[in-house]
Amino acid sequence: MAHQLYKISEVKFDPLSFEGKAQEIIQLFMKYNNFLNNSPFDTQFLSMQLLKYEARHSNMIEGIDTNDVELLAQDTPTSKKISNYVNALKNANEKIKETNSFSEDLILGIHRDLFQNMMSIHAINANPGVWRIKQVKIANHFPPPAHLVAEYMQEFVDWLNDPTPFKGCSAILEALVRGAITHAYFEKVHPFTDGNGRTGRILFNLVLNKYQLTSKPYFYISKAILHDQFLYYQELAKLDFSSNYQKWIAFFLDLLIYQLKANIKTFEAANAMVFKLKTDVIKEEIATFRELKKKILDYICKYPIFTFSRVYFNIKPLFPDMEDETFVMIFDELVNSYDIRKVPESKHYEFKPVIDIIVGKDW
């Protein structure tokens, strides 16, 4: 049966005890932001691809998987759950930018966006954009009864906007500790019938973004949660009856450190790959072929799952005097020279080095 969850104002924590971890995270964010701002490739595009994978990882935490083709192919509709997650995060970021504060409407709007234009029974039962009206159970945890959810959420929003608990802290330390508490406490209240995990992970992003820890608007945590999923749920479960969040905050900041290191490796690998491609292309002696190879490689770096026809219709008009046979010959040469593979039972090719970087399979 439901128990009386402690109020968020009763959560115990000492933000200043996390100064050391915060300093490590600041250094990693500086390195991460430097990559974002000075990369030789389209970081806005890479950010959007990584955002799709954040959505994918976020859904995987809840047992929903999506394959690479659904995510990255330019001409294949992405899973509705993925595109809704992306839109929910983007819309919420815009609202935070406008108001610089949290509200119940903001949280309800995130939840509504997650289920936009979804007509399944699952989506209808989620009652999008409305606090839950029935009791739920998560593993052995009973969140507060439905009639108290609105009260808990009002106090939660007030706390999100209240600087008092973080007096004497730097803005960055406040963002990190507040983000860790926000993520966990939201899951304890579990204010929706479904979609709480995704909403809570977006809320964490918003806390970081409000304090402008990154130079681009999106930073992702779901991959780190998946990496330590068992421990993550174990640490969360300890907060069912304990309002002492010290150990949880330390654990969550370690997840953040793992995620930042993984993201930095992603950018390092992308930079190395771009350098190699440019070095290879320079070796082509015929100027027109050299330019064509550069254009094709630029395109498939941007759209690593692609069809020949898309490459042809986007690149061939730039070379009106070139015979089709020559274009096909150069395309085939690139396919044979790099790890470009035909997706089985599909018209699509995948440029595997880029996909491996985006997915970050090795880290």
Side-chain angles (χ1 to χ4, degrees), residues 39-56 59 64-87 90 116-117 266 269-361:
S39 243
F41 55 90
D42 186 343
T43 53
Q44 178 63 30
F45 178 80
L46 181 60
S47 292
M48 287 312 298
Q49 302 310 310
L50 290 170
L51 178 54
K52 289 180 185 177
Y53 271 89
E54 157 65 10
R56 179 190 187 178
N59 283 326
I64 306 158
D65 199 4
T66 316
N67 66 41
D68 291 341
V69 173
E70 285 177 300
L71 280 179
L72 294 180
Q74 192 188 7
D75 52 353
T76 301
T78 57
S79 151
K80 196 66 194 153
K81 282 186 172 143
I82 297 289
S83 55
N84 280 358
Y85 186 98
V86 171
N87 289 331
K90 285 167 73 177
Q116 192 71 35
N117 297 324
T266 295
N271 281 356
M273 189 201 69
V274 168
F275 179 76
K276 180 186 183 309
L277 293 180
K278 286 183 173 176
T279 305
D280 287 351
V281 167
I282 288 168
K283 294 173 186 170
E284 173 57 62
E285 293 176 2
I286 302 171
T288 317
F289 290 5
R290 186 164 60 242
E291 190 57 28
L292 176 59
K293 285 180 178 180
K294 181 180 180 304
K295 295 287 185 193
I296 292 176
L297 287 168
D298 282 350
Y299 184 85
I300 66 176
C301 279
K302 211 168 192 189
Y303 303 105
I305 291 186
F306 60 92
T307 59
F308 171 77
S309 61
R310 280 216 169 257
V311 172
Y312 180 87
F313 287 117
N314 278 278
I315 309 295
K316 180 62 174 66
L318 304 174
F319 300 86
D321 299 329
M322 183 177 286
E323 296 288 336
D324 281 356
E325 292 80 2
T326 307
F327 187 94
V328 171
M329 178 192 77
I330 296 293
F331 176 83
D332 287 343
E333 186 185 324
L334 290 175
V335 167
N336 294 326
S337 299
Y338 297 100
D339 196 357
I340 299 172
R341 302 190 301 210
K342 197 89 187 294
V343 177
E345 299 175 22
S346 162
K347 293 178 181 176
H348 291 97
Y349 291 83
E350 60 175 358
F351 190 16
K352 199 163 178 305
V354 177
I355 291 166
D356 284 350
I357 287 166
I358 292 169
V359 180
K361 286 177 179 169

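This one's a predicted model, so the numbers in the text were calculated from it and none came from an experiment.
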Would you indicate whether the side-chain heavy atoms of [Y] and [X] approach each other to under 4.5 Å?
{"X": "Met329", "Y": "Phe289", "result": "yes"}
{"X": "Leu292", "Y": "Met322", "result": "yes"}
{"X": "Phe306", "Y": "Ile340", "result": "yes"}
{"X": "Leu297", "Y": "Tyr338", "result": "yes"}

Would you give the length of the straight line joining atom [atom1] of [X] to atom [atom2] of [Y], rounded to the nearest 0.5 angstrom?
{"X": "Glu291", "Y": "Ile315", "atom1": "CD", "atom2": "CD1", "answer": "10.0 Å"}
{"X": "Asp298", "Y": "Lys278", "atom1": "CG", "atom2": "NZ", "answer": "7.5 Å"}
{"X": "Asp321", "Y": "Thr288", "atom1": "CG", "atom2": "OG1", "answer": "9.0 Å"}
{"X": "Tyr299", "Y": "Asn314", "atom1": "OH", "atom2": "CG", "answer": "4.0 Å"}
{"X": "Leu277", "Y": "Ile282", "atom1": "CG", "atom2": "CD1", "answer": "11.0 Å"}
{"X": "Ile330", "Y": "Ile286", "atom1": "CD1", "atom2": "CD1", "answer": "7.5 Å"}

| query | Excluding sequence neighbours, so at least two apart, what forms side-chain hydrogen bond (donor to acceptor under 3.5 Å, both in side chains) with Lys276? | reply | Asp280

| request: Name all residues meeting the side-chain hydrogen bond (donor to acceptor under 3.5 Å, both in side chains) criterion together with Arg341; count only those two or more places apart in sequence or in a different chain, and write none if there are none. | output: Glu350

| field | Sidechain-backbone polar pair: Asp339 side chain, Pro353 backbone, donor-acceptor under 3.5 Å | value | no

| remark: What one should report as the nearest heavy-atom pair of Pro320 and Pro317 is CD-O, 3.6 Å

| message | Tell me the closest heavy-atom pair linking Phe351 and Cys301, and the distance in Å. | response | CE2-SG, 3.9 Å

| message | Please determine whether side chain to side chain contact (heavy atoms under 4.5 Å, CB included) holds for the pair Lys316 and Asp324, giving the CA-CA distance in whole Å, both sets of side-chain angles, and the decisive distance to 0.1 Å. | response | CA-CA 8 Å; Lys316 180 62 174 66; Asp324 281 356; 3.3 Å; yes

| request: Could you tell me whether Phe327 and Phe319 have their ring centroids closer than 6.0 angstrom? | output: no

| field | Salt-bridge present (Lys294, Glu284; N to O < 4.0 Å) | value | no

| task | Could you tell me whether Lys295 atom NZ has more than 12 heavy atoms of other residues or ligands within 6.0 Å of it? | result | no

| message | Are more than 12 heavy atoms, taken from residues, nucleotides or ligands other than Lys347, located less than 6.0 Å from that residue's NZ atom? | response | no

